[in-house]
Amino acid sequence: MEYSSKTVEREWQDYWLKNRSFEPSEDFTKEKKYILSMFPFPSGRLHMGHVRNYTLSDSFARYYRQQGFNVLHPIGFDSFGMPAENAAIKNGSHPKKWTYDNIDYMKSEFKSLGFSFSKERELATSDELYTKFEQGFIIDMFEKGLLYRKKGFLNWCPSCHTVLANEQVIDGGCWRCDTQITKKDMNQYYFKITQYGDELLSDLSKLEGGWPKQVLTMQENWIGKSNGLSFDLFFDEASKAKLDGKFDGFDVFTTRPDTIYGVSYAALAPEHPIISHLMENAGLDADAISEIKEMRSSSSIDRQKEKSGLALGLEVLHPLTGKKIPIWCANFVLMDYGSGAVMAVPAHDDRDFEFAKKYDLEICPVIKPFNGKLNSEIAFTEVGELFDSAEFSGMNSKEAQAKIIEHFEAEKIGKKTTNYKLKDWGVSRQRYWGAPIPFVHCHDCGLVMEKKENLPIALPEDIVITGEGNPLEKHPSWKHCKCPQCGEDATRETDTMDTFVESSWYFLRFCASPKNWEKEAFSKEQIEYWMGVDHYIGGIEHAILHLLYARFFTKVFRDLGYLEFDEPFDKLLTQGMVLKDGAKMSKSKGNTVDPDAIIEKYGADTARLFILFAAPPTQELEWNDSAVEGAFKFIKRFYDRSSNVYKCNTIPQIEHSSLSKEEKFARKKVYEALVRANDVYREKYTFNTMIAGVMEAMNALNTQNNSDVWSEGYWILSSIMEPVIPHVCWDISSRFFSLKNLTKQEIRDEVFMQDSIILGVSVNGKVRAEIEVALDTAQGEIVSLAKESVAKWLDGQTIVKEIVVPNRLVNLVVKG
RNA sequence: GCCGCUGUGGUGGAAUGGUAUACACGCUCGAUUCAAAAUCGAGUUCGAAAGAAUGUCGGUUCGAGUCCGACCAGCGGUACCA
């Protein structure tokens, strides 16, 4: 029969839909598997990265269904976000229409690829029902003090009139219009993720083994825990007077307390409150003020280009020596790390050194290498031996660090402190297409939460999107409301939430039974059954932000009483990128391959087979047209050779000992493929080797013509391949096996029994010959056969050692 | 700079410390065909051979692509984090 991908694929896609084949059961006594792909943004069309992602999760889902598990394999759309607004600006389409049109199209693509997603649990995060529950959680978090509002210096694009996230700033410019961004002091909502910093770090150990090491390391570095000493530097009397008595001193943090005797100046971030005070109270001249303003507004890229600063005319006293230390304002000091102020030890820190050289500040070395001499041309930043450090002189750095912290604590002038690079998560965006933050500003009551029964606070549809400013702010009526507390006139918050908020809990929403979707976000019972996600599959680009935020939400929900576990994703599989001509597929490079075109030409099964066969999932995948052709040929051959198979409702029973050598070999290859398949799904995820095993089995079946062996072979192979090329396999299975073989397959040990084995013979580790011996051959005889086979290499040599590795090889060690 | 990953035929890639190059692509030859496509079959690491080869150099071992150390190259993450 001629293979037609279109006929076969359409038939089975309709069958699956009609029979609700992929809906999870509500029977919670069954063993479950929760297989999840990272859901897509509805950009319009699927790209090959998506196809790779969903082919992987689909294979897992189908495999576990065959093994008898209750499988949840849902999909949705991460459908809020800037691109919908950008499309509106460009084509005048409404963001909502643009988004939902794209979703409809992409759903049809899912169907044509044969992905076994649950239809009934499909959702989009821009659905009002989703917004409703999300706003409820935001209110919960605000009540718990995990969401707060404060002023911060944010990235601002002067041309687009909007705040930009850090990741939307590219080389110091706006990602859309290239304008140099500036910093603007604005109100912003923040999640207090730092409160969970320690747990987010320590729980990484629970993920070891299940998550790639690389991702764990990236998260660890991102959280960036460091231990050290924090202490106050106090102003002298003259400086206090200059500051109108408002400040006694300021706090600094160091990870190198062992260098404390080398402190020769201290520096404040341009945004530091002491500097603001000086600027506002005539403590600085006009030139200095404009210089500081310049530092404050320059982008972080600019600030990294060259160190600059200015002396403030203030002095503090060294906490141990009492020596006077000058205070500078320096652009390399960051306000949002530590306390925004540092002690500077130019002799032992590269940055402090560079700054001291530029402004001709004192450099006092206090640590020298254990062996060798100090080089005064550079900072010595490694550990070493202390000198000129009072009673700590002569100690090594490590010892001195502990002792100096002890000393500070005993004298009550400082304490051991831990700092994190992790910052609180700024979540407000001055944008239309996002979930509104459910708060109200009331003249009398201040910032007030919306009442839960009024949720969702939905977006208005009659808006004008120009790309300038926040459309919600400009809408004539939307923001005007009554205060939920006092009932007086008030205004709604017009900021919307970062889209990372939606993706931080969607995996929980999928656990909810759709029949209760209106009533609740999810129930505890459903969550406890389905979570954690057994296999979470997606791109490495989400290694930090999305996965960190989802972990954070899980812990918050636990503390709110919604669930009872600590981590959402048991196993994480990060797929590699899809490349063409050695570069990532992208529209701008013009090297994309459209999935629809591949399906049209070869069918979904070919696309799926190629993607899984061409490389292991974690590696980059190089697109190759002729290899796609090869995958297509295999499917055609697989379909065609089914003419050797007869109809049966149970697996054919075969008397193994009665078979010919070729027939035995074919059976062995078939069952080897089965063993490998189980290995791959449960542990190794190297689908390419599983498929290679099936190809070997096919090649072996081809060398014989026993119809029992063919039929048994197809019974097994079409079961193994069903998760990869489902349409063809369902077709074969229905024609010959009444779909009875798409289940767990038993391994038959008898096919692995052999009468003889082939051993390699090596001399000094170099393989020189092969011998075939009967299974029960005694070791002595094996050795003498081996010697015979390599006589040529033993000539004139003395054998000093004989090593026999059972079933593998014989190694003879000789000396000549 | 720091952290991580990857280096195997012409190409994608196989190989629990035990016969390197499975499987596939490509290429070559042959069958089929009036011819081509499709299909089927054979061959294909390099080298005429001895022999050599898993980025380079060392080490551990009877035996190393695999383990250890140093380096080189490519890719990715991150970065004035005190």
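Chain naming here is simple, since letters A, B, ... match the order of the sequence lines and numbering starts at 1 in each.
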**OP:** Report the C-alpha distance between A:D198 and A:Y420 in whole Å, list the side-chain angles of each, state the deciding distance to 0.1 Å, and finish with yes or no for side-chain hydrogen bond (donor to acceptor under 3.5 Å, both in side chains).
**Re:** CA-CA 9 Å; A:D198 229 355; A:Y420 296 90; 2.9 Å; yes
**OP:** Kindly indicate, with the supporting measurements, whether the criterion salt bridge (Lys or Arg N to Asp or Glu O under 4.0 Å) is fulfilled by A:E208 and A:K213.
**Re:** CA-CA 7 Å; A:E208 272 167 30; A:K213 235 174 95 181; over 6 Å; no
**OP:** Report the C-alpha distance between A:Y265 and A:Y359 in whole Å, list the side-chain angles of each, state the deciding distance to 0.1 Å, and finish with yes or no for ring pair (Phe, Tyr, Trp, His ring centres under 6.0 Å).
**Re:** CA-CA 11 Å; A:Y265 65 100; A:Y359 294 104; 9.1 Å; no
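Between A:R808 and the phosphate of B:G63, there is no side-chain N or O to OP1/OP2 separation shorter than 4.0 Å. Look at A:N702 and you won't find any side-chain N or O under 4.0 angstrom from OP1 or OP2 of B:G41. Between A:Q619 and the phosphate of B:U6, there is no side-chain N or O to OP1/OP2 separation shorter than 4.0 Å. The phosphate of B:A14 (OP1 or OP2) has a side-chain N or O of A:N688 nearer than 4.0 angstrom. Between A:S226 and B:A82, a side-chain N or O to OP1/OP2 separation shorter than 4.0 Å is present. The phosphate of B:C81 has neither OP1 nor OP2 within less than 4.0 Å of any side-chain N or O from A:K421. At B:A15, none of the side-chain N or O atoms of A:R676 fall inside 4.0 Å of OP1 or OP2 (strictly under the cut-off).
Partner A:Y602 forms a ring pair (Phe, Tyr, Trp, His ring centres under 6.0 Å) with one of A:Y3, A:F632, A:F634 and no other, that one being A:F632. Just one of A:W222, A:Y549, A:Y190 meets the ring pair (Phe, Tyr, Trp, His ring centres under 6.0 Å) condition when paired with A:W425; it is A:Y549.
The distance from atom CG of A:D640 to atom P of B:C40 is 8 Å, rounded to the nearest whole Å. Straight-line distance from the CD atom of A:E622 to the P atom of B:G12: 8 Å, rounded to whole Å. Rounded to whole Å, the distance from CZ on A:F687 to C1' on B:G13 is 16 Å. Going from atom CD of A:Q214 over to atom P of B:C3 covers 15 Å, rounded to whole Å. Between the CD1 atom of A:I803 and the P atom of B:U61 there is a distance of 13 Å, given to the nearest Å. Atom P of nucleotide B:A50 and atom CZ of A:R768 are separated by 11 Å, given to the nearest angstrom. Protein atom CG of A:L809 is 19 Å distant from nucleotide atom P of B:A15, rounded to whole Å. In this structure, A:N699 atom CG and B:G41 atom C1' are separated by 13 Å, rounded to whole Å.
The number of heavy-atom neighbours closer than 6.0 Å to CD of A:E541, taken from other residues, nucleotides and ligands shown, is above 12.
A:K307 comes within contact range of at least one nucleobase, with a heavy-atom separation under 4.0 Å. At the heavy-atom level, A:V342 lies under 4.0 Å from base atoms of the strands shown. Residue contacts for A:F613: at a heavy-atom cut-off of 4.0 Å it reaches a base atom on one of the strands shown. Using a 4.0 Å heavy-atom criterion, one finds that A:V813 contacts the sugar-phosphate atoms exclusively. Using a 4.0 Å heavy-atom criterion, one finds that A:G224 contacts no nucleic acid atom at all. Across all strands, A:E620 comes closer than 4.0 Å only to sugar-phosphate atoms, never to a base (heavy-atom distances). Base contact: A:N811 has a heavy atom under 4.0 Å from a base atom. The residue A:V252 sits apart from the nucleic acid: no heavy atom pair falls under 4.0 Å. Residue contacts shown for A:L759 are absent, as no nucleic acid heavy atom lies under 4.0 Å away.
Map A:N331 and A:I540 each onto its nearest nucleotide of RNA chain B; the residue landing nearer the 5' end is A:I540. In this structure, A:K213 and A:W222 both approach RNA chain B, and ranking their closest nucleotides by distance from the 5' end singles out A:K213.
Nucleotide B:G55 is shown with an anti base, its glycosidic torsion being more than 90° from 0.
A donor-acceptor pair under 3.5 Å is formed between the side chain of A:Q704 and the backbone N or O of A:L701. Under a 3.5 Å cut-off, the side chain of A:E220 and the backbone N or O of A:L201 do not form any donor-acceptor pair.
The listed nucleotides are B:U19, B:A82, B:A14; the one nearest the side chain of A:T689 is B:A14. Comparing B:C62, B:C25, B:G13 by their closest approach to the side chain of A:A615 singles out B:G13. Comparing B:A82, B:G4, B:U19 by their nearest atom to the side chain of A:T217 picks out B:G4.
Base pairing analysis places B:A15 opposite nothing; no Watson-Crick or G-U wobble pair with both distances below 3.5 Å involves it. Across all strands shown, B:A20 remains unpaired; no Watson-Crick or G-U wobble contact has both distances below 3.5 Å. A 3.5 Å limit on both hydrogen-bonding distances identifies B:C68 as the Watson-Crick or G-U partner of B:G58. For B:G26, the paired nucleotide is B:U44, the pair qualifying as Watson-Crick or G-U wobble because both relevant distances are below 3.5 Å. Across all strands shown, B:U33 forms no Watson-Crick or G-U wobble pair with both distances under 3.5 Å. For B:A82, there is no paired base (Watson-Crick or G-U wobble, both distances below 3.5 Å). Look at B:C2: its Watson-Crick or wobble partner, with both distances under 3.5 angstrom, is B:G77.
Across B:C29 and B:A73, the matching P atoms stand 42 Å from one another, rounded to whole Å.
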